[in-house]
Amino acid sequence: MTVSERDREQFRRIGAAKAESHREALAAHLALTLEERLARSWDLYRRFRDPNSPAREDDPTPLYDRARALGLYRS
């Protein structure tokens, strides 16, 4: 199956739109304070972790404990 120039152009437009949306999301993320980023990250971890899985080596709790101790994050 050959790909037409019209198809290629359509995918270029989709790629450009996705690239722009990623730039906007990154700018919004970087505009947040460190505390806001940590709060969002912790919330995502709690929402999407598997409660039935055993303790994991990559448990982020020590990171957040350290951030709290440094005054960078309040939960």
Can you tell me if [X] has over 12 outside heavy atoms packed within less than 6.0 Å of its [atom1]?
{"X": "R66", "atom1": "CZ", "answer": "no"}
{"X": "R13", "atom1": "CZ", "answer": "yes"}
{"X": "F11", "atom1": "CZ", "answer": "no"}

**OP:** Determine, step by step, whether R37 and T33 satisfy the side-chain contact (heavy atoms from CB on, under 4.5 Å) criterion, reporting the C-alpha distance in whole Å, the side-chain angles of both residues, the deciding distance to 0.1 Å, and the verdict.
**Re:** CA-CA 6 Å; R37 289 185 212 177; T33 66; over 6 Å; no
Subject >> Smallest separation among heavy atoms of W42 and P60, with atom names >> reply: CZ3-CG, 3.9 Å
Subject >> Nearest atoms (heavy-atom pairs only) where L38 meets L72 >> reply: CD1-O, 4.1 Å
Original post:
Just by distance, do the side chain of R74 and the backbone of R68 share a donor-acceptor pair under 3.5 Å?
Top reply: no
Subject >> Main-chain N/O of K18 paired with R23 side-chain donor or acceptor, under 3.5 Å >> reply: no
Subject >> Side-chain ion pair, E35 and R40, N-O less than 4.0 Å >> reply: no
Subject >> Carboxylate-amine/guanidinium proximity below 4.0 Å for E9 and R6 >> reply: no
Subject >> Reported OG-to-CG distance for the pair S41 and L32, which is rounded to 0.5 angstrom >> reply: 12.0 Å
Original post:
How many angstroms lie between CG in L63 and OH in Y45, if you round to the nearest 0.5 Å?
Top reply: 11.5 Å
Original post:
L30 and L34: same hydrophobic cluster, using ILVMFWY side-chain contacts below 4.5 Å?
Top reply: no
